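In what follows, a structure is listed as structure tokens, so that the remarks can point back to it.
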Amino acid sequence: MPELPEVESLTHFLRERAVGRTVLGIDVVAFQALKTFDPPATALGGLTITGVSRHGKFLDLDCDGLHLVIHLARAGWLRWRDDLSGAKPVRPGKGPLAVRVRLAPDEEGLAPGFELTEAGTQKRLAVYVTKNPDGVPGIAALGPDPLDGSFTVEALKRIVGGNRTQIKGLLRDQKIIAGIGNAYSDEVLHAAKMSPFKIAATLTDAQIADLHEAIITTLGEAVERAHGLAAKDLKAEKKSGLRVHNRTGQPCDVCGDTIREVSFADSSLQYCPTCQTGGKPLADRRLSRLLK
């Protein structure tokens with residue numbers, strides 16, 4: 001799933017390539033992806049992209065005051081095309097293409113644009129055409145952004161205080177902190193040397209400060225690594241930069257212990273026992289159920 005660092009990089013990428021260009025048209029292939037009907041998607045035609053911003057994991061393209069808001073969900077991605085003039089007409093089907101945004105030709109006659117694709121059968125990619133992005137349900141409920149200057153140690157202390165949620169779940173809750181998903185929550189907790197099952201309310205002031213530092217550093221370094229990369233290269237960069245997530249069975253880069261996994265119904269987490277749990281492996285709940 002694209003998380004804050006990847007969406008931040010896509011934001012910069014589109015600012016450089018799309019701002020100032022006119023929208024020639026938008027083709028919605030996967031009709032379930034379009035979550036709004038008024039204004040219609042066709043209203044974007046002829047408008048100029050004047051800005052690109054990010055809200056948590058949401059991309060927001062300002063088109064002369066009308067906003068195209070995109071959430072890539074778990075398996076979605078944005079693919080930039082330098083020239084779509086020869087692209088085949090889109091037709092609803094079973095392929096990964098969900099939406100195509102065509103931009104007006106440049107001075108060289110190339111008609112660039114981008115395509116939103118989604119792999120798998122769980123189609124959750126969402127596109128909104130709205131005059132007010134704050135009216136998008138997911139954006140309206142977002143918690144503070146970790147890259148914002150207001151996200152201080154004291155702000156995090158207020159967030160975790162009295163919260164009986166496991167810290168892994170708290171970090172992933174977009175209503176509490178915006179932009180962190182399954183992968184970077186694993187990375188943050190590894191950097192903070194903290195068990196994913198630790199209850200948020202039990203954190204000491206020192207642990208909250210360490211967690212805050214881990215959030216800022218982990219996300220900041222990921223954004224820095226991704227800065228300037230083409231959209232097509234972001235997935236590979238993310239994977240290469242991960243220390244524990246999706247590295248089950250591999251040695252920890254910090255201590256050399258074997259990275260372990262805890263599986264759930266539709267996801268899993270990875271951690272290092274030596275770095276995070278005092279050397280004690282956490283119970284794999286899915287395996288435990290199978291053994292009963």
Side-chain angles (χ1 to χ4, degrees), residues 1-3 6-54 57-64 66-130 133 136 226 228-239:
M1 173 186 290
E3 300 179 33
E6 294 79 53
V7 179
E8 179 74 8
S9 186
L10 285 173
T11 299
H12 285 285
F13 181 88
L14 289 174
R15 280 178 188 155
E16 294 177 353
R17 289 163 175 78
V19 168
R21 295 184 180 273
T22 300
V23 178
L24 194 61
I26 177 170
D27 306 313
V28 179
V29 183
F31 296 108
Q32 76 277 4
L34 185 61
K35 305 302 181 184
T36 53
F37 62 90
D38 185 22
T42 54
L44 293 167
L47 301 182
T48 299
I49 300 175
T50 56
V52 184
S53 58
R54 178 185 61 80
K57 301 178 188 178
F58 290 83
L59 271 170
D60 178 3
L61 283 77
D62 186 340
C63 305
D64 285 332
L66 192 59
H67 294 257
L68 174 63
V69 178
I70 301 164
H71 191 281
L72 295 170
R74 175 175 291 186
W77 197 244
L78 184 149
R79 302 179 186 276
W80 178 264
R81 305 298 187 192
D82 290 328
D83 188 13
L84 280 170
S85 58
K88 297 180 180 179
V90 293
R91 297 175 182 174
K94 298 181 179 180
L97 181 61
V99 176
R100 175 182 287 164
V101 177
R102 295 174 285 109
L103 304 179
D106 57 22
E107 295 178 354
E108 298 178 355
L110 300 178
F114 60 88
E115 297 175 336
L116 304 178
T117 61
E118 186 172 23
T121 58
Q122 295 184 356
K123 302 300 183 181
R124 297 177 181 175
L125 184 145
V127 174
Y128 307 81
V129 179
T130 177
V136 173
L229 292 180
K232 64 182 178 63
D233 298 323
L234 289 174
K235 287 185 179 181
E237 195 292 319
K238 176 182 180 179
K239 184 177 180 180

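Since we're looking at a predicted model, the values are computed, not measured. All values below come from the heavy atoms of this structure, side chains included, with hydrogens, waters and symmetry mates left out.
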- line: d(L68 CG, I26 CD1) to nearest 0.5 Å is 5.0 Å

- prompt: Minimum heavy-atom separation for L125 to A98, with atom names?
  reply: CD2-CB, 4.3 Å

task: Verify the distance criterion only: is there a donor paired with an acceptor across the side chains of R79 and T117 at less than 3.5 Å?
output: yes

Non-hydrogen side-chain atoms of L61 and F114 separated by less than 4.5 Å: yes

- request: Check whether any side-chain heavy atom of K238 lies under 4.5 Å from a side-chain heavy atom of E3, and answer yes or no.
  value: yes

- prompt: Would you call the rings of W80 and F13 parallel, tilted or perpendicular, where under 30° means parallel and over 60° means perpendicular?
  reply: perpendicular

task: Go through the steps to decide whether D27 and R102 satisfy the test side-chain contact (heavy atoms from CB on, under 4.5 Å), and finish with yes or no.
output: CA-CA 8 Å; D27 306 313; R102 295 174 285 109; 2.8 Å; yes

- prompt: Where do V129 and P40 come nearest, in terms of heavy atoms and distance?
  reply: CG1-O, 4.0 Å

query: CG/L14 to CD1/I49 distance, rounded to the nearest 0.5 angstrom?
result: 7.5 Å

field: Heavy-atom side-chain contact between F31 and V28 under 4.5 Å
entry: yes

message: Between V127 and V69, is the side-chain contact (heavy atoms from CB on, under 4.5 Å) condition met? List the steps.
response: CA-CA 6 Å; V127 174; V69 178; over 6 Å; no

SB check R124 E118 (cutoff 4.0 Å): no

query: So does Q32 have more than 12 non-hydrogen atoms from other groups sitting under 6.0 Å from CD?
result: yes

- prompt: Below 4.5 Å, heavy atoms only, C-beta onward: do L103 and T22 meet side chain to side chain?
  reply: no

Side-chain donor or acceptor of T36 paired with backbone N/O of Y128 under 3.5 Å: no

message: In the structure I gave you, are the side-chain heavy atoms of V136 and T130 within less than 4.5 Å of one another anywhere?
response: yes

- request: Taking all heavy atoms of A231 and all of L10, pick out the closest pair and write down the distance.
  value: CB-CD2, 3.7 Å

- request: Run the salt-bridge test on E8 and R54 with the 4.0 Å N-O cut-off and return the result as yes or no.
  value: yes

message: How long is the straight-line distance from CG of L47 back to CG of L24, given to the nearest 0.5 Å?
response: 12.0 Å

task: Return the minimal non-hydrogen interatomic distance between P112 and A104, and the atom names on each side.
output: CD-O, 3.8 Å

- line: dist H67:NE2 -> L59:CG (nearest 0.5 Å) comes out at 13.5 Å

task: Check whether any side-chain heavy atom of L66 sits under 4.5 Å from a side-chain heavy atom of L44, and report yes or no.
output: yes

task: Find out whether R21 and D106 are in side-chain contact, i.e. whether some heavy atom of one side chain is under 4.5 Å from a heavy atom of the other.
output: yes

message: I'd like to know whether D60 forms a side-chain contact (heavy atoms from CB on, under 4.5 Å) with V52, so could you lay out the CA-CA distance, the side-chain angles of the two residues, the decisive distance to 0.1 Å, and finally the verdict.
response: CA-CA 6 Å; D60 178 3; V52 184; over 6 Å; no

query: With side chains defined as the heavy atoms from C-beta onward, is the minimum distance between L72 and P2 less than 4.5 Å?
result: yes

- prompt: Say you draw a straight line from CD of E108 to CG of D83; how long is it, rounded to the nearest 0.5 Å?
  reply: 10.0 Å

statement: dist S9:OG -> E237:CD (nearest 0.5 Å) comes out at 8.5 Å

- prompt: Got a sec: does the NZ of K239 have more than 12 other heavy atoms crowding it under 6.0 Å?
  reply: no

- request: Step by step, work out the side-chain contact (heavy atoms from CB on, under 4.5 Å) result for V29 and R100.
  value: CA-CA 8 Å; V29 183; R100 175 182 287 164; 5.6 Å; no

query: Ion pair present between R81 and E115, side-chain N to carboxylate O less than 4.0 angstrom?
result: yes

message: Is it the case that the side chain of K123 and the backbone of G120 share a donor-acceptor pair, with hydrogens and angles ignored and the cut-off at 3.5 Å?
response: yes

- prompt: So, does D64 use its side chain to make a donor-acceptor pair with the main chain of T48 at under 3.5 Å?
  reply: yes

